[in-house]
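Below you'll find the structure, written out as structure tokens, and then a few comments.
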There are 2 protein chains.
Amino acid sequence: MKNLTEMLKGVLEGVVLQKIQTGETYGYEITRYLNELGFDDIVEGTVYTILVRIEKKGLVEVEKKKSELGPARKFYTLNAKGKQELNDFWLRWSFLEKKMNEIKEQRDV
Amino acid sequence: MKNLTEMLKGVLEGVVLQKIQTGETYGYEITRYLNELGFDDIVEGTVYTILVRIEKKGLVEVEKKKSELGPARKFYTLNAKGKQELNDFWLRWSFLEKKMNEIKEQRDV
DNA sequence: TTTCACTACCTCGTAATACTATATAGTATT
DNA sequence: AATACTATATAGTATTACGAGGTAGTGAAA
């Protein structure tokens, strides 16, 4: 999907938090997940930026583990604050989704 | 709704375009509309920057008309390019909404 | 053994966008 | 005269995703 960049602002971080909550994961894997999901244009740089940010915000715990395939991986897990933030994120999303549907209905009026 | 700012990026412009398509309107009225809809924190400055932007992009026609209540109003209407852009906007939104629902379903898995 | 592919992380600079704050001005009411 | 409401405008700021590049480990092919 083209021109999605601006629409992803304020959304992508929540998606990453959700992915982490679903199960311990790391940057490279998150990028692959997003690409497979259909967010083709999301590159590693974008994901790492988000990971640095959520770590600075204190939303995650980080653990470095060796990989058999390459360099060590940095695994992320949500802490209490991260779970709270994820919950708030979905509340924001639901609000927006509801409002957008109200607006959308005027489309063919 | 708090902390909605980032999530509105890439969305608000589309909402404004939709409002204009629904019927000839102007900045002050658009701001009131958004506030009534539940986007309480959106102020006039935000709307006017969007209006300047979509005019520069050539998505709208502008007509100045006198008002009985105050200074003259600048009325906006969508042109062909604006209608195309609005259509593209809803396609982007639908894509994102669909993907977000897929992601959201993992929440309680 | 060296070259390539894949895995994996990191960071600087840029563009786009919403918001803050402030200014200007017309009309009506008190 | 002062206030409230209507109405437009813009310069500066913060946040965010992205582009472009760099570093490094492992294993397979050349």
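So you know, we letter chains A, B, ... as the sequences are listed, proteins then strands, and number each from 1. Since the structure is predicted, the reported quantities are computational estimates derived from the model, not experimental observations.
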Tell me what A:Ile42 touches on the nucleic acid: a base, only sugar-phosphate, or nothing, going by heavy atoms under 4.0 Å. sugar-phosphate
Runs of at least three consecutive Watson-Crick or G-U pairs, both distances under 3.5 Å, are what I'm after; which ones involve DNA chain C? C:1-30 with D:1-30
Heavy atoms only: give me the nearest A:Asn79-A:Lys81 pair and the separation to one decimal. OD1-N, 3.1 Å
So, A:Asp88 versus A:Gln84: side-chain donor-acceptor pair below 3.5 Å or not? yes
Write down the distance between CG (B:Leu12) and P (C:dC19), rounded to a whole number of angstrom. 6 Å
Taken to the nearest whole Å, CE/B:Met1 to P/C:dC19 is 14 Å
Sub-3.5 Å pairs of nitrogen or oxygen atoms, protein against nucleotides 25-28 of chain C:
| unit_1 | atom_1 | unit_2 | atom_2 | d |
| --- | --- | --- | --- | --- |
| C:dT27 | O4' | B:Leu69 | O | 3.4 |
| C:dT27 | O3' | B:Glu68 | O | 3.1 |

Anything under 30° is parallel, anything over 60° is perpendicular, the rest tilted; go ahead and classify B:Phe39 against A:Phe95. perpendicular
Checking contacts here: which listed nucleotide (C:dT17, D:dA17, D:dT10) is nearest the side-chain heavy atoms of A:Leu8? D:dA17
A:Val62 reachable from A:Ile50 in the ILVMFWY side-chain graph, under 4.5 Å edges: yes
Output the single nucleotide from C:dC9, C:dT11, D:dT8 whose closest atom is nearest the side chain of A:Thr49. C:dT11
Is there a side chain to side chain contact (heavy atoms under 4.5 Å, CB included) between B:Thr77 and B:Thr25? Walk through the geometry before answering. CA-CA 7 Å; B:Thr77 46; B:Thr25 186; over 6 Å; no
At 4.0 Å (heavy atoms only), tell me whether A:Ile50 reaches a base, stays on the sugar-phosphate, or touches nothing. sugar-phosphate
Please report the shortest heavy-atom distance between B:Asp41 and B:Met1, naming the atom on each side. OD2-O, 3.9 Å
Here the pair of heavy atoms bringing A:Glu97 nearest to B:Trp93 is CA-CZ2, 4.1 Å
Short side-chain N/O contact from A:Thr46 to OP1 or OP2 of D:dC18, under 4.0 Å: yes
Is A:Lys74 near enough to C:dC10 that one of its side-chain N or O atoms lies under 4.0 angstrom from OP1 or OP2? yes
Salt bridge check: are B:Lys57 and B:Glu13 linked by an N-O gap of less than 4.0 Å? yes
What residues from residues 75-102 of chain A pass a heavy-atom cutoff of under 4.0 Å to DNA chain C? none
Whole-Å distance separating the CD atom of B:Glu6 from the C1' atom of C:dA15: 14 Å
In short, salt bridge (Lys or Arg N to Asp or Glu O under 4.0 Å) pairs touching residues 58-67 of chain B with sequence neighbours left out are B:Glu24-B:Lys65
Which whole-number value in Å describes the distance from B:Lys66 NZ to D:dT8 C1'? 17 Å
Between D:dA17, C:dC19, C:dC9, spot the one nearest the side chain of B:Thr5, thanks. C:dC19
Tell me which donor-acceptor pairs under 3.5 Å the side chains of residues 3-11 of chain A have, and how far apart each pair is, sequence neighbours excluded?
| unit_1 | atom_1 | unit_2 | atom_2 | d |
| --- | --- | --- | --- | --- |
| A:Glu6 | OE1 | A:Lys9 | NZ | 3.2 |
| A:Glu6 | OE2 | A:Lys9 | NZ | 3.2 |

Is a donor-acceptor pair below 3.5 Å formed from side chain A:Lys9 to base D:dT15, judging by atom type as modelled? no
Could you tell me the separation between the CD atom of A:Glu55 and the P atom of C:dC9, rounded to a whole number of Å? 12 Å
Measure from CZ on A:Arg53 to P on D:dT15 and round the result to the nearest Å. 10 Å
Interatomic spacing from CG in A:Leu12 to CD1 in A:Ile30 - rounded to 0.5 Å: 10.0 Å
State, to 0.1 Å, how close A:Leu78 and A:Ile20 come at their nearest heavy-atom pair, and which atoms those are. N-CG2, 3.7 Å
Within this structure, what is the CZ-to-P distance between A:Arg73 and D:dT26, rounded to whole angstrom? 12 Å
Minimal non-hydrogen separation, B:Lys99 against A:Leu37, with atom names: NZ-O, 2.8 Å
Give a yes/no on whether any side-chain N or O of A:Tyr48 is located under 4.0 angstrom from OP1 or OP2 of C:dC9. yes
Closest non-hydrogen atoms of A:Met100 and B:Trp90, given as atom of the first, atom of the second and distance, are O-CH2, 3.7 Å
List in numerical order all residues of residues 24-40 of chain A for which some heavy atom is under 4.0 Å away from an atom belonging to DNA chain C. A:Tyr26, A:Gly27, A:Tyr28
Separation of C:dT17 atom C1' from A:Leu4 atom CG, nearest Å, is 15 Å
How about A:Lys98: does its NZ atom have over 12 heavy atoms from other parts shown lying under 6.0 Å from it? no
